[in-house]
Amino acid sequence: MMNAQTHPWWSEAIVYQVYPRSFADGNGDGIGDLRGLIEKLPYLEDLGVDAVWLTPFYPSPLADGGYDVADYCDVDPRIGTLQEFDQLLQITKNHNIRVIIDLVPNHCSASHPLFQAALAAKPGSAERGLFIFRDGRGPGGDQPPNNWPSNFGGPAWTRVGDGQWYLHLFDSGQPDWDWRNPEVRQMFEKIIRFWLDRGVAGLRVDVAHGMFKEPGLPDLAVPERSNRPNAYTHRPEIHELYRTWRAILDSYDPDAFPGARTAVGEVWADSPPTLQPYLAPGGLPQVFNFELITSDWKAASIKAAVDATLALAGGSRAPWVLGNHDVLRPVTRLGGPARARAAALLLLALPGSAYVYQGEELGLPEVLDLPDAARQDPRFFRTKGKARGRDGCRIPLPWSPAGPSYGFSRTDNGASPAPPWLPQPEGWGAYSAEAERPDPDSFYNLYRAALRLRRSHPALGLGRPRGTGTVRWLDAPPDALVFGRDPGFVFAANLGDDPLPLPPHEEVLLASSPLVSSDGAPDGALPPDGAAWLAAAPAPVPPTVCQMRTRAG
Ligand code: NOJ
């Protein structure tokens with residue numbers, strides 16, 4: 001029987017990631033905003049998503065696209081107001097869509113009033129104690145306190161006027177909080193309650209494997225970025241903190257909309273076992289598994305990634321994801337639209353929950369030729385252009401085939417909108433929702449059809465009865481992925497170079513590419529990089545103990 005406690009809404013939700021500045025602009029200033037998002041909610045409802053995750057919309061000087069938060073309890077005026085946020089919550093509720101917000105606890109903005117106060121205060125003061133200030137090494141203290149690198153390039157330390165250094169694992173505009181200071185904890189508890197009280201359904205926790213640093217801040221043996229546990233990632237102290245957050249989440253009534261509150265940690269791990277401690281009972285409800293992002297397009301790698309994740313947690317507690325605002329868009333990363341379409345069918349056929357980044361449903365490619373002058377990502381600047389950065393997956397969405405900013409910006413009075421904050425490439429309108437909706441073979445209609453089937457097919461999502469669904473690998477050539485889910489569902493993908501005869505089935509429910517004919521495959525075959533959802537005869541039910549006794553006489 002359905003149970004909201006053991007199988008809450010989030011355990012099989014499709015969550016759509018909105019990057020607010022690039023989703024839709026409702027006031028013509030070239031920057032996406034809450035008004036634009038509210039206007040596009042019917043689109044998201046038609047697509048069939050259960051929730052939206054909004055990346056940071058807080059006041060910010062935008063040293064890192066808003067992940068440098070200057071005020072955790074407000075909305076950046078370029079994006080909207082708190083009243084509009086409440087309006088968004090009310091309207092999404094009417095559409096039965098939940099809202100997840102991004103909590104950024106590892107660091108704030110250098111313009112946060114508490115960091116400004118720390119800069120103005122003396123070394124050793126309580127103000128500095130909220131952050132990680134240290135004296136430097138070497139004569140005159142002019143060397144950073146240790147050899148930690150910033151995730152964006154260069155050292156993780158910046159020197160201030162009085163000679164001390166502060167730690168920033170990301171940009172110098174993002175000073176790290178000191179999570180060993182109880183005041184930081186108390187402040188974040190208030191922030192979490194502030195948003196949960198307004199009605200948000202959950203939190204996406206930024207850098208959820210960060211926050212605690214090893215006491216003494218020792219040098220790294222190899223001063224390189226890595227997803228392995230080290231002196232500032234995957235520290236065991238973090239789990240006690242998450243238990244306190246879980247208690248806050250669980251203190252909200254799970255029987256009233258938006259249901260059991262969730263928190264999904266952004267945990268980049270070198271391997272699924274590193275995720276294990278995050279999934280201990282009483283900790284964060286969920287952590288992302290990025291296995292489908294880090295896997296290459298090989299059947300053996302993907303199969304191993306799926307197995308490892310399922311063995312660890314299942315997709316409910318470790319939702320699947322193909323892309324986000326930090327990585328190359330799947331069309332480009334995987335090597336073309338056919339693969340991205342096949343990957344989408346894989347994503348949505350796996351047990352549990354999945355996240356879809358805005359524009360994936362339109363098949364947007366990464367924009368690789370953005371002029372340097374337009375780039376905004378601190379990674380580009382801190383690596384002196386060696387790393388292109390992440391702007392190419394954050395280009396404002398096209399909504400119309402033509403017209404100013406391809407319909408991204410709307411003005412009330414017919415005036416021309418300002419250019420979008422990142423330039424869109426020529427031909428972007430071909431990917432617009434308006435262009436794709438009438439085309440039955442478009443990316444949009446593939447996603448829409450898959451999301452509809454996912455709701456209605458008893459084997460998909462968690463499986464029915466709830467929570468019973470798992471993946472049963474079926475015999476297949478080494479470059480194919482073929483699995484069954486009960487009752488009566490088969491997924492097949494062809495990652496090889498030759499057509500793959502369809503496995504036994506009763507009906508093709510959905511295919512990412514047109515089927516081809518092939519010798520010895522009377523029902524058709526999947527072309528290379530194609531995938532299909534098939535209806536199969538339900539697997540025979542194993543005999544019950546009574547039946548076995550009867551048969552045995
Ligand atoms: C992860 C976010 O997804 C990314 O965009 C950001 O730059 C870093 N955390 C730092 O907040």
Side-chain angles (χ1 to χ4, degrees), residues 15-23 32 52-70 72 76 100-112 115 131-132 148-154 156 158 167-177 179 188 191 203-211 213 225-227 232-234 238 263-269 278 284 286-290 293-294 319 321-329 355-360 366 375-383 387-395 421-422:
V15 183
Y16 185 91
Q17 181 192 347
V18 170
Y19 194 78
R21 284 161 42 86
S22 297
F23 185 70
V52 291
W53 151 34
L54 304 186
T55 57
F57 48 77
Y58 316 105
S60 164
L62 302 176
D64 179 21
Y67 282 94
D68 46 319
V69 180
Y72 285 90
D76 190 300
I100 293 174
I101 58 153
D102 215 312
L103 183 76
V104 189
N106 182 68
H107 44 261
C108 61
S109 158
S111 67
H112 191 289
F115 188 71
F131 299 91
I132 302 181
W148 295 0
S150 146
N151 280 300
F152 291 156
T158 289
L167 179 70
H168 52 86
L169 292 182
F170 292 87
D171 187 64
S172 55
Q174 295 168 289
D176 281 39
W177 294 106
W179 273 91
F188 272 89
I191 294 166
L203 315 165
R204 176 267 190 188
V205 182
D206 188 57
V207 200
H209 51 304
M211 286 132 85
K213 281 82 190 178
R225 286 176 63 201
S226 121
N227 295 328
Y232 56 81
T233 53
H234 305 298
I238 193 81
V264 53
E266 185 215 17
V267 179
W268 286 93
Y278 295 87
L284 287 180
Q286 300 177 288
V287 292
F288 283 115
N289 91 75
F290 295 120
I293 292 182
T294 50
V321 48
L322 286 180
N324 59 35
H325 63 294
D326 291 329
V327 295
L328 281 185
R329 283 200 174 269
Y355 277 60
V356 174
Y357 174 45
Q358 68 179 38
E360 267 165 24
E366 183 84 5
R375 292 191 184 276
Q376 314 256 338
D377 186 354
R379 183 169 283 160
F380 175 77
F381 299 108
R382 288 186 63 91
T383 60
R388 207 173 15 222
R390 303 160 293 174
D391 296 308
C393 63
R394 301 173 177 181
I395 305 298
W421 70 279
L422 278 175

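We number each residue from 1, following the sequence as shown. Both counts, for ligands and for their atoms, begin at 1 and track the order of listing. Given the structure is predicted, the values throughout are model-derived calculations rather than measurements. All values below come from the heavy atoms of this structure, side chains included, with hydrogens, waters and symmetry mates left out.
- Listed for the H112 side chain is no donor-acceptor partner under 3.5 Å among the backbone atoms of H107.
- Aromatic ring pairs are classed by plane angle as parallel below 30°, tilted from 30° to 60° and perpendicular above 60°; the pair W53 and H325 is perpendicular.
- With hydrogens and angles disregarded, no donor-acceptor distance shorter than 3.5 Å links the side chain of Y19 to the backbone of Y357.
- Every atom of ligand 1 with a heavy atom of E266 under 4.0 Å away is listed here by number and element: 1 (C), 3 (O), 9 (N).
- Residue R204 places a heavy atom under 4.0 Å from ligand 1.
- For ligand 1 and Y67, the ligand atoms under 4.0 Å from any heavy atom of the residue are 2 (C), 3 (O), 5 (O), 6 (C), 11 (O).
- The protein heavy atom nearest to atom 6 (C) of ligand 1 is D64 OD2, 3.3 Å.
- Using a 4.0 Å cut-off between a side-chain N of Lys or Arg and a carboxylate O of Asp or Glu, D176 and K213 qualify as a salt bridge.
- Side chain of T233 to main chain of G210: no donor-acceptor pair is present (N/O by atom type, distance under 3.5 Å, no hydrogens or angles).
- Under the 3.5 Å distance criterion, with hydrogens and angles disregarded, no donor-acceptor pair is assigned to the side chains of D102 and T55.
- Using a cutoff of 4.0 Å between basic side-chain nitrogens and carboxylate oxygens, D377 and R382 are not scored as salt-bridged.
- Residue contacts with ligand 1 do not include Q17, since none of its heavy atoms lies under 4.0 Å from the ligand.
- The ligand atoms of ligand 1 that sit less than 4.0 angstrom from a heavy atom of R390 are 4 (C), 5 (O), 6 (C), 7 (O).
- Residue contact check for ligand 1: H107 places a non-hydrogen atom closer than 4.0 Å to it.
- The closest non-hydrogen atom to atom 11 (O) of ligand 1, taken over V207, V327, D206, comes from D206.
- A centroid separation of less than 6.0 Å is found between the aromatic rings of W177 and F131.
- Within the set N151, N324, D326, the minimum heavy-atom distance to atom 5 (O) of ligand 1 is found for D326.
- Residue contact check: R394 has heavy atoms under 4.0 Å from atoms 5 (O) of ligand 1.
- Under 4.0 Å from ligand 1, not a single heavy atom of Y19 appears.
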